[in-house]
Amino acid sequence: MPELPEVEIYRRYLENTSLNQPIHHIEIRDAKILRVPNPEVFAKSLVRIQFKKISRRGKYLFIHLSSGEILLFHFGMTGNLRYDSNTKLQELDAKITRFDRIRFHFQSNKVLSFISQRKFARIELWHSIDDFINKRKIGPDALNITYPQFSRAIQSSKRPIKAILLDQHRIAGIGNLYADEALFQSKINPLILGSQISETQIKKLHEVIQNILQIAIDHNAQYGEFPSNFFLHARVINGKCPICGKELEKRIVGQRTTIFCTICQPLISL
DNA sequence: CTCAGTGTTCAGTG
DNA sequence: TCACTGAACACTGA
């Protein structure tokens with residue numbers, strides 16, 4: 001599920017469960033998740049290390065280690081976390097599924113599992129956040145991006161707006177669902193090119209994105225609890241436009257399924 | 001049985 | 001170098 005709001009919820013979860021506990025050992029159940037030169041060496045190097053702080057940029061979660069290094073979590077399409085505080089080993093084992101890919105065993109006997117159904121999720125180790133941001137060229141966080149930054153990110157591209165919103169190099173944190181949500185609430189057609197969007201629309205889009213993401217976080221990223229005016233409710237059932245009632249349009253834009261209303265999100269620039 | 005899906009990376013093109 | 005595109009990755013559920 002992980003777009004920005006989910007990852008922010010994961011960040012808070014780690015902050016509330018996993019700080020300041022020395023690691024006892026790391027259980028590697030699927031080495032593919034670990035994008036490090038040598039998983040065994042990686043695991044050994046983390047023994048006795050603690051998580052000191054958890055931060056986030058877009059969909060990337062950073063664990064600040066007591067060693068000074070940064071453990072990077074990216075959840076892909078299906079990543080999740082589960083912190084087990086049971087003291088009995090049997091009860092801990094009972095909770096393991098085959099999707100528990102990496103497990104961090106703390107000296108306190110608590111266990112943090114990094115879970116992922118599909119193996120698109122990954123864990124990396126970096127010297128610093130700046131090092132990671134610079135090498136991967138990750139754009140500003142969608143919740144923090146200023147209007148001038150946002151405007152430039154949109155107008156400087158000739159790709160469809162939908163593709164721009166999904167491009168983490170330009171703006172970090174928006175995924176397929178929230179991109180459709182933001183475009184619907186802003187009444188912007190997903191196919192309009194970035195360079196062709198009016199200043200008024202960009203302004204509106206910027207506001208709408210901040211608003212949607214904040215509301216999503218406030219509802220713990222639980223889609224079922226989002227306000228009824230959220231497009232997502234109509235989108236999942238592939239139904240009719242919640243505003244005008246017309247059959248929603250479905251197309252591939254920016255390589256992803258895109259659902260929108262051709263009436264409420266006209267192709268002309270306002 | 002087939003295919004789409006809350007995402008990224010990498011190779012290749014212009 | 002840069003902007004962009006399409007394939008690949010892996011597994012479930014409709």
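Worth saying up front: this structure is predicted, and the values here are computed from it rather than measured. Chain letters run A, B, ... following the sequence lines, proteins first, then strands; residues in each count from 1.
- Among the heavy atoms of the strands lying under 4.0 Å from A:R122 are primed sugar atoms or P, OP1, OP2 only; no base atom is included.
- Stacking of A:F75 onto the six-membered ring of B:dG7 is not present when judged by under 5.5 angstrom between centres and under 30° between planes.
- With B:dG7, B:dA4, C:dC11 as the candidates, the nucleotide lying closest to the side chain of A:F99 is C:dC11.
- Ranking B:dG5, C:dC4, C:dA10 by closeness to the A:R170 side chain, first place goes to C:dC4.
- No N or O donor and acceptor, one from the side chain of A:Y178 and one from the base of B:dT6, sit under 3.5 Å apart.
- With 3.5 Å as the limit, one finds no donor-acceptor pair spanning the side chains of A:T258 and A:R251.
- Comparing C:dA7, B:dT6, B:dT8 against the side chain of A:Q255 picks out C:dA7 as the nearest.
- Checked by distance alone, A:R118 brings a side-chain donor or acceptor within 3.5 Å of a matching partner on the base of B:dG5.
- For A:T257 and B:dA4, the shortest distance from a side-chain N or O to OP1 or OP2 is not below 4.0 Å.
- Across the C1' atoms, C:dC4 and B:dT6 are found 23 Å apart, a figure rounded to whole Å.
- Judged by distance alone, the side chains of A:Q210 and A:Q214 never bring a donor and an acceptor atom under 3.5 Å apart.
- Taking the six-membered ring where the residue is Trp, A:Y83 and A:F106 present tilted rings, their angle falling between 30° and 60°.
- Of the candidates B:dG7, B:dT9, C:dC4, B:dT9 carries the atom nearest the A:R136 side chain, counting heavy atoms from C-beta on.
- A:K203 forms a cation-pi arrangement with A:Y147, by the criterion of a distance under 6.0 Å to the ring centre and an angle within 45° of the ring axis.
- Within the structure, a side-chain polar atom (N or O) of A:H74 is placed less than 4.0 Å from OP1 or OP2 of B:dT8.
- OP1 and OP2 of B:dG7 both lie 4.0 Å or more from every side-chain N or O belonging to A:Q168.
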